[in-house]
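Accompanying notes for the structure given below.
A, B, ... follow the sequence lines: proteins, then strands. Residue 1 opens every chain.
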Amino acid sequence: ELKVEQNPLFLSMQEGKNYTIYCNYSTTSDRLYWYRQDPGKSLESLFVLLSNGAVKQEGRLMASLDTKARLSTLHITAAVHDLSATYFCAVDTRPKSVFNKFYFGSGTKLNVKP
Amino acid sequence: NAGVTQTPKFQVLKTGQSMTLQCAQDMNHEYMSWYRQDPGMGLRLIHYSVGAGITDQGEVPNGYNVSRSTTEDFPLRLLSAAPSQTSVYFCASSYKSGQRSYEQYFGPGTRLTVT
């Protein structure tokens, strides 16, 4: 079974600072997804990374994927309070039977303090 | 498009009761799935479907049944509710290409409490 580990699980940072969230996974996969969840809300798709070396950026967030290291990072640049949320990474498996399955990390709860 | 819709938003059940969580999507997506989210944990896959009439088990299928008679609907049935099924349930859909699905679109969730 594929395992997905995120760290840190909790992150409190000041506005204007930079930080990185890490997502490690245990078996071979070439696709990784990042989602954002606000309290009491559903999940919103942020990035879809579909190959080794993929890098995507949206505003103050940048995600990258290293399939050889089985690692994805979500980098936050000059954080603002609006980025406060829980961030999840998810990995899907290569299909062996009917279809590929998605496995989620436990999430990183980010609190950006003014 | 409404996207992925779920009903009800909140539900309280007594142990042993049964109920059905509804999920519908209007994006003509072939792939649909159900997840549960417990505090401090990510989402765990309960069941999924790759098309009408085709379903399969995820990580935590025990105590739940699904069926998919149409592309649009994917209900989740709790056969005999237990306190361990207290959770937030999310339905998701995505399009597929070959054997793989792509990014998933999530519904708003159903918060279920079993007493």
Side-chain angles (χ1 to χ4, degrees), chain A residues 1-10 21 23-26 28-51 54 56 58 63 65 72 85-109, chain B residues 2-6 9-10 23 25 27 29-51 53-61 66 68 74 87-111:
Chain A
E1 180 178 300
L2 190 151
K3 293 194 186 302
V4 183
E5 293 185 348
Q6 285 182 239
N7 70 82
L9 298 182
F10 299 94
I21 299 171
C23 175
N24 290 87
Y25 52 97
S26 61
T28 301
S29 177
D30 59 354
R31 295 166 185 246
L32 192 130
Y33 309 80
W34 283 97
Y35 291 88
R36 169 183 172 143
Q37 186 180 38
D38 292 300
K41 302 292 186 181
S42 187
L43 279 77
E44 172 192 356
S45 178
L46 292 175
F47 300 109
V48 179
L49 304 170
L50 298 179
S51 61
K56 290 199 174 178
E58 179 74 32
L65 177 61
S72 179
T86 299
Y87 294 84
F88 291 94
C89 63
V91 179
D92 75 348
T93 57
R94 289 188 178 275
K96 290 182 180 179
S97 55
V98 179
F99 214 68
N100 56 313
K101 297 179 183 178
F102 285 74
Y103 292 86
F104 281 78
S106 300
T108 296
K109 187 170 184 178
Chain B
V4 181
T5 58
Q6 291 182 238
K9 289 188 177 179
F10 301 94
C23 174
Q25 53 94 7
M27 297 175 282
H29 284 168
E30 294 147 300
Y31 185 97
M32 295 185 75
S33 51
W34 276 102
Y35 294 87
R36 59 178 289 171
Q37 184 178 31
D38 299 301
M41 301 181 72
L43 277 69
R44 291 183 291 168
L45 182 64
I46 303 172
H47 285 285
Y48 66 102
S49 169
V50 301
I54 307 171
T55 64
D56 202 358
Q57 296 181 347
E59 292 178 81
V60 288
V66 293
R68 185 133 177 240
F74 190 43
S87 189
V88 180
Y89 291 84
F90 288 99
C91 178
S93 75
S94 67
Y95 65 92
K96 72 179 177 78
S97 175
Q99 277 186 296
R100 305 191 75 171
S101 74
Y102 289 82
E103 68 177 304
Q104 298 189 72
Y105 297 82
F106 285 86
T110 294
R111 189 173 295 272

Would you call the rings of B/H29 and B/Y95 parallel, tilted or perpendicular, where under 30° means parallel and over 60° means perpendicular? tilted

Under the side-chain hydrogen bond (donor to acceptor under 3.5 Å, both in side chains) test, residues paired with A/S45 that sit two or more places apart: B/E103

If the condition is side-chain hydrogen bond (donor to acceptor under 3.5 Å, both in side chains), which residues does A/Q6 pass it with, not counting sequence neighbours? A/T108

Side chain, backbone, both or neither: which part of [X] has an atom under 4.5 Å from a heavy atom of chain A?
X      : value
B/L45  : side chain
B/Y105 : neither
B/E59  : side chain

Would you say the side chain of A/V4 lies within less than 4.5 Å of the side chain of A/F88, judging by non-hydrogen atoms? no

If you tally heavy-atom pairs under 4.5 Å against chain A, which of B/P108, B/G109, B/G58 wins? B/P108

